[in-house]
There are 2 protein chains.
Amino acid sequence: MPRRYGTGPVWWHGRFRGCGYRITAGREAILDALMTADKHLSAEDIYNKIHPAYPAVGLTTVYRTLEILVNMGLVFKFDFGDGRARYELVEGSKKSHHHHHLVCKECNRIIEYTDFINDEIELLKKTEKGLSKKYNFEITSHIIQFYGICDKCKKKG
Amino acid sequence: MPRRYGTGPVWWHGRFRGCGYRITAGREAILDALMTADKHLSAEDIYNKIHPAYPAVGLTTVYRTLEILVNMGLVFKFDFGDGRARYELVEGSKKSHHHHHLVCKECNRIIEYTDFINDEIELLKKTEKGLSKKYNFEITSHIIQFYGICDKCKKKG
DNA sequence: CTCAATGCAAATCTTTTGCATGCTA
DNA sequence: TAGCATGCAAAAGATTTGCATTGAG
């Protein structure tokens, strides 16, 4: 069942209703799955995670809800190159910290890192400001990912 | 027909043979399509581009060749979130310059920019070095992309 | 001559869509 | 009660794979 992290109203309900969307059990389950996830989940991951407790929620609803969440800016959609999208709550939606990803091209392992994140953010802000002005482009998000071979795969091969 | 950019041997032939791959008309056509492209092409873009001159080359071959090129590190595979991968020669493979991308979430327009690229590269190098050491992760490439709304779409509303 | 490369068609797999029904507000 | 939300099945699309044939070296 959805956790409330306290006794107040669920943090996203107001925002959800404000956009004209309804609160349903399926949507609560999906948000909860994202909130309690320790990593980026695929649509199917989410489906599998909630299915035991919410067998009535189908994969279609997961996709449809994720689309809404991404459009609302509550969730970020990632592509790590393995043909399926991953979803993660945007920082600030909960206690999460800003991070970027290291992707192993061999085993597809994902490492989140926060090292140098302050330097990165500083540069990103500067770059975003400059690009916004030059191209009159309104930047809403960014991706930084490094690809390579992780330690385990280096040993193997 | 494939351009040779001069009279010497084609730059990628040696590297290709060295990996045990054969040089075929289809592969020449695909490499040429990438070399003469002014932007990232999808597999189908490449297929369409070469089809008039090489009707015998099928989409399957395009995919298979691109996979080899990506694995060899000659071509970079991008995902801009519209469900189809784009391919681009790695910088250094030809005269191209290092750049990153701005992606419009409305119309999917892609803007290449090189502004701030030196600052970005400096930070990336530093970050790569630090991450390599800390995670014993061998970094081979990176992605930086900004998402948002382009000027044209902002006008539209 | 050998074995990689290829075309074609079929198979996969993820994500999307149509439609009748259920449920929130 | 009005419409949004949903399940299910089918559709859509991109990419991959099986297999017999072709062609580079």
Side-chain angles (χ1 to χ4, degrees), chain A residues 2 9-10 12-31 33 40-51 53-72 75-87 105 108, chain B residues 2 9-10 12-31 33 40-48 50-51 53-72 75 77-87 105 108:
Chain A
V10 179
W12 53 272
H13 280 191
R15 185 142 172 212
F16 226 67
R17 287 212 190 80
C19 291
Y21 296 116
R22 295 176 177 176
I23 312 298
T24 66
R27 287 173 176 177
E28 299 227 51
I30 292 164
L31 258 299
H40 16 261
L41 303 176
S42 68
E44 199 174 7
D45 288 337
I46 294 172
Y47 173 81
N48 290 332
K49 185 171 176 180
I50 66 180
H51 193 255
Y54 297 86
V57 177
L59 186 55
T60 303
T61 291
V62 175
Y63 275 110
R64 282 194 274 229
T65 300
L66 286 172
E67 188 187 9
I68 289 172
L69 293 171
V70 168
N71 286 337
M72 287 180 67
V75 164
F76 204 84
K77 181 179 183 178
F78 285 97
D79 175 279
F80 294 135
D82 65 345
R84 55 176 56 189
R86 308 303 169 97
Y87 302 84
K105 293 192 292 188
N108 258 299
Chain B
V10 179
W12 53 272
H13 280 191
R15 185 143 173 210
F16 226 67
R17 287 211 189 80
C19 291
Y21 296 116
R22 295 176 177 176
I23 313 297
T24 66
R27 287 174 176 176
E28 299 227 51
I30 292 164
L31 258 299
H40 15 263
L41 303 176
S42 67
E44 199 174 6
D45 288 337
I46 295 173
Y47 173 82
N48 290 332
I50 66 180
H51 193 255
Y54 296 86
V57 177
L59 185 55
T60 303
T61 291
V62 175
Y63 275 110
R64 282 194 274 230
T65 300
L66 287 171
E67 188 186 8
I68 290 172
L69 293 171
V70 169
N71 286 336
M72 287 179 66
V75 163
K77 181 178 182 178
F78 284 97
D79 176 278
F80 294 134
D82 65 345
R84 56 176 56 188
R86 308 303 170 96
Y87 301 85
K105 293 193 290 188
N108 258 298

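Values reported hereafter were calculated over all heavy atoms of this structure, with side chains retained and with hydrogens, waters and symmetry mates removed. Numbers restart at 1 for each chain; the letters A, B, ... are given by sequence-line order, proteins then strands.
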Practice problem: Specify the separation, in whole Å, of atom OH of Tyr54(B) and atom C1' of dT6(C). | Solution: 16 Å
Quiz item: What is the distance, rounded to the nearest whole Å, between atom CG of Leu41(A) and atom C1' of dT14(C)?
Solution: 16 Å
Practice problem: Would you check if Ile30(B) and Tyr54(B) make a side-chain contact, meaning some heavy-atom pair closer than 4.5 Å? | Solution: no
Quiz item: Rounded to the Å, how far apart are Leu31(A) CG and dA5(D) P?
Solution: 14 Å
Exercise. Summarise how protein sits on nucleotides 20-25 of chain C as a single string, 5' to 3': B when a protein heavy atom is under 4.0 Å from the base, S for sugar-phosphate-only contact, - for no contact.
Key: ----BS
Exercise. Would you mind reading off the distance between Ile46(A) atom CD1 and dT14(C) atom P, rounded to a whole angstrom?
Key: 14 Å
Quiz item: Is any side-chain heavy atom of Leu66(B) closer than 4.5 Å to a side-chain heavy atom of Ile46(B)?
Solution: yes
Self-check item: Sequence-distant partners of Tyr47(B), ring pair (Phe, Tyr, Trp, His ring centres under 6.0 Å), two or more places apart
Solution: His51(B)
Self-check item: Nucleotide-resolved protein contact map, nucleotides 12-22 of chain D, B/S/- at heavy-atom distance under 4.0 Å
Solution: --SSBBB----
Quiz item: Can you list the residues that meet the salt bridge (charged side-chain N to carboxylate O under 4.0 Å, His left out) rule with Arg84(B), with sequence neighbours excluded?
Solution: Glu44(B)
Quiz item: For Arg64(B), which residues count as a salt bridge (charged side-chain N to carboxylate O under 4.0 Å, His left out) partner, sequence neighbours excluded?
Solution: none
Quiz prompt | Phe76(A): partners by ring pair (Phe, Tyr, Trp, His ring centres under 6.0 Å), with sequence neighbours left out | solution = Phe78(A)
Quiz item: Toward the 5' end of DNA chain C, which comes first, Gly20(B) or Val62(B), by nearest nucleotide?
Solution: Gly20(B)
Self-check item: Check: Ile68(A) and Phe16(A) side chains under 4.5 Å, non-hydrogen atoms
Solution: yes
Exercise. For the residue pair His13(B) and Arg27(B), establish whether any side-chain heavy-atom pair is separated by less than 4.5 Å.
Key: no
